[in-house]
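Heavy atoms only: backbone and side chains are in, while hydrogens, waters and symmetry mates are out. If you're wondering where the values come from, they're calculated on a predicted model, not measured in any experiment. In what follows, chains carry the letters A, B, and so on, assigned in the order in which the sequence lines appear, proteins first and then strands, with residues in each chain numbered from 1.
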Protein chains: 2
Amino acid sequence: MFERTGRPLSPQEILELGQNQADGLSLPTVYRALKAMTEAGELTTVDLPGQAARYELGGLHHHHHFLCEDCGRLFDIPGCPGAVHALAPEGYQVARHDLTLIGSCPDCSTP
Amino acid sequence: MFERTGRPLSPQEILELGQNQADGLSLPTVYRALKAMTEAGELTTVDLPGQAARYELGGLHHHHHFLCEDCGRLFDIPGCPGAVHALAPEGYQVARHDLTLIGSCPDCSTP
DNA sequence: GCTTTATTGATAATGCACTTGCAATAGCAA
DNA sequence: TTGCTATTGCAAGTGCATTATCAATAAAGC
């Protein structure tokens, strides 16, 4: 019950991975484990619009995500354009930000 | 039935605005109008994770959004850090990107 | 003024992600 | 092995945004 694939996984993906790995695994069990691990700080949540949330290991460096429109997978991408907070107009206090690149991953862009 | 408040509105917000403006307005009507106007290209959709979608006028310049965690409202912010696409690692083809700043709007940060 | 058509509102239904209740199973100590 | 506790799977249930249904009302045409 550990996710080391290097990219954020959705509950469905976790379910399928778990089922492939010999043990039968059910969706409620996935959600129960995710909830427990998130509360324990081991995982963090990555929310996407209109889709199920993804989960990745907590304590990672600040980074952003790449969403492949073809396969629906989400990837971590390192780095961050520094000037982001300066975009906020006068009076807006920025606590954090969220950047997602959308396109095709290597697997899907070179068929 | 036109939204010129200068920021993206959720169906709920549109409903409340419409109801305040003399006419009784119902949620199905809001969704019907939004669907028609979106298909006609007059509106574009702004999806947020875990929340109802927002709608804003189509044909605006490239811009991003600011989400106030206190009041839940979404605002337009001009500009864009140019170097965004360069963040993608080798092999990832970026079609577009999505940047959201999260924090407190002027109304909420100075009570 | 009266019939036909379109639009609206109220309500119920759908789809989806996620959660819960509960019986069955696994793990483990004695 | 026996009995107890914790975890699991299954199936049903929640909550929410969105959509369909359909009668009623408003607008348009005659």
Side-chain heavy atoms of Pro8(A) within contact of Tyr55(A), under 4.5 Å: no

Leu34(B) CG to dT8(C) P, straight-line distance once rounded to whole Å: 13 Å

Exercise: identify the closest heavy-atom pair between Gly58(A) and Thr44(A): CA-CG2, 3.7 Å

List, one per line, each side-chain donor-acceptor pair under 3.5 Å for residues 67-88 of chain A, sequence neighbours excluded.
{"residue": "Glu69(A)", "atom": "OE2", "partner": "Arg96(B)", "partner atom": "NH2", "Å": "2.4"}
{"residue": "Asp70(A)", "atom": "OD2", "partner": "Ser104(A)", "partner atom": "OG", "Å": "3.0"}
{"residue": "Arg73(A)", "atom": "NH2", "partner": "Asp107(A)", "partner atom": "OD2", "Å": "2.9"}
{"residue": "Asp76(A)", "atom": "OD1", "partner": "His63(A)", "partner atom": "NE2", "Å": "3.3"}
{"residue": "Asp76(A)", "atom": "OD1", "partner": "His65(A)", "partner atom": "NE2", "Å": "3.2"}
{"residue": "His85(A)", "atom": "NE2", "partner": "His97(A)", "partner atom": "ND1", "Å": "3.2"}

Heavy-atom side-chain contact between Leu25(B) and Glu16(B) under 4.5 Å: no

Candidate list Leu99(A), Asp98(A), Leu101(A), test side-chain contact (heavy atoms from CB on, under 4.5 Å), partner His64(A), passing option: Leu99(A)

Under 4.0 Å protein heavy-atom contacts per nucleotide of nucleotides 10-28 of chain D, with B for base, S for backbone only and - for none: BB-----SBBBB-------

